[in-house]
Amino acid sequence: MYIKRQMTEIIRSQSDNFPVVLVTGPRQVGKTTLLKEIKEENREYVTLDDPIEREMAVNQPELFIRLHKPPVIIDEIQYAPGLFQYIKMEVDKENIDGMYWLASSHIFTIIKNIGDSLAGRVLVLRLHGISQDEESGVFSFPFPETPLINIWNLTKET
């Protein structure tokens, strides 16, 4: 049974304000489940846990981006940090909010690539384990993020 997460509406609403939303958090907190549950019917899901997809993303990032057109979820993005530059080029070309939903449990290994490539284009959200409120179906606001993560909640340039 799926438990509705408090982050659901934040992801949906911020997809209207940012071309890229990155959901981070420890392993097994539900990043993939959440994104797959709330995705629109036309949003493709691709995981870089798949060795074929990962090999293409690492060695042929331009082809990977051409084959997986937005809107798309790219899970385990940390395995192909070279994709960020190609995502940036696609975002700059199309300039559409909500193009990419990314997921990674390795935020510290990709922060530099995010800052260098996607500044002003990405919102970074950190998903925590299921709260008691979520388990009981009560809505409340998620806990505020730590200052380190807030540094990377880069605002969209106007």
(request) Inspect the contact between K69 and E90 and indicate whether a charged nitrogen and a carboxylate oxygen are less than 4.0 angstrom apart. (result) yes
(message) So Y45 and T32, do their side chains get closer than 4.5 Å, heavy atoms only?
(response) yes
(request) State, with a plain yes or no, whether a side-chain heavy atom of L83 is found less than 4.5 Å away from one of I65. (result) yes
(message) For a side-chain contact (heavy atoms from CB on, under 4.5 Å) check, start with the C-alpha distance between M56 and L63, then their side-chain angles and the critical distance, and finish with the verdict.
(response) CA-CA 7 Å; M56 185 187 338; L63 176 61; 3.9 Å; yes
(message) Just so I know, are the side chains of I87 and M99 near enough to count as touching, which here means a heavy-atom distance under 4.5 Å?
(response) no
(request) Using ring pair (Phe, Tyr, Trp, His ring centres under 6.0 Å) as the criterion, list what pairs up with F64, not counting sequence neighbours. (result) H68
(request) First locate atom CD1 of I74, then atom CD of E53, and finally report the distance between them rounded to the nearest 0.5 Å. (result) 9.5 Å
(message) Distance check, rounded to the nearest 0.5 Å: I73 atom CD1 versus L34 atom CG?
(response) 9.0 Å
(request) Over all heavy atoms of both residues, which pair between P19 and I96 is shortest? Give the atoms and the distance, please. (result) CB-O, 3.4 Å
(message) For a 4.5 angstrom cut-off between non-hydrogen side-chain atoms, does L118 reach Y100?
(response) no
(message) Strictly distance-based, threshold 3.5 Å: is any side-chain N or O of N95 a donor or acceptor partner for the main-chain N or O of V91?
(response) no
(message) Looking at every non-hydrogen atom in both residues, tell me the closest pair between A57 and A80 and how far apart they are.
(response) CB-CB, 3.7 Å
(request) Over all heavy atoms of both residues, which pair between L102 and L35 is shortest? Give the atoms and the distance, please. (result) O-CD1, 4.2 Å
(message) Within this structure, what is the CD1-CD1 distance for the pair I38 and I11, rounded to the nearest 0.5 Å?
(response) 4.0 Å
(message) Could you work out, with side-chain contact (heavy atoms from CB on, under 4.5 Å) as the rule, every residue matching E55, not counting sequence neighbours?
(response) N59
(message) Among residues at least two apart in sequence or on other chains, which ones pass side chain to side chain donor-acceptor pair (under 3.5 Å) with R12?
(response) E9
(message) Can you list everything that forms a side-chain contact (heavy atoms from CB on, under 4.5 Å) with D49? Sequence neighbours excluded, please.
(response) T47, R54, E76, Y79
(request) Please name the pair of heavy atoms, one in S105 and one in Q78, separated by the smallest distance, quoted to 0.1 Å. (result) N-OE1, 4.0 Å
(request) Locate the shortest heavy-atom distance separating P26 from R126; write the atom from each residue and the value. (result) CD-NH2, 3.8 Å
(request) With sequence neighbours left out, write down each residue that passes side-chain contact (heavy atoms from CB on, under 4.5 Å) with E40, or none if nothing qualifies. (result) N42, R43, W101
(request) Please answer: with hydrophobic residues joined when any side-chain heavy atoms are less than 4.5 Å apart, are F84 and V58 in the same cluster? (result) no
(message) Using the side-chain contact (heavy atoms from CB on, under 4.5 Å) criterion, which residues pair with E37? Sequence neighbours excluded.
(response) Y2
(message) What's the separation between atom CD1 in I10 and atom OG in S15, rounded to the nearest 0.5 Å?
(response) 11.5 Å
(message) Could you check whether R121 pairs with D92 (Lys NZ or Arg NE/NH1/NH2 to Asp/Glu carboxylate O, under 4.0 Å)?
(response) yes
(request) Please report the closest heavy-atom contact between L125 and V21, naming both atoms and the distance. (result) CD1-CG1, 3.9 Å
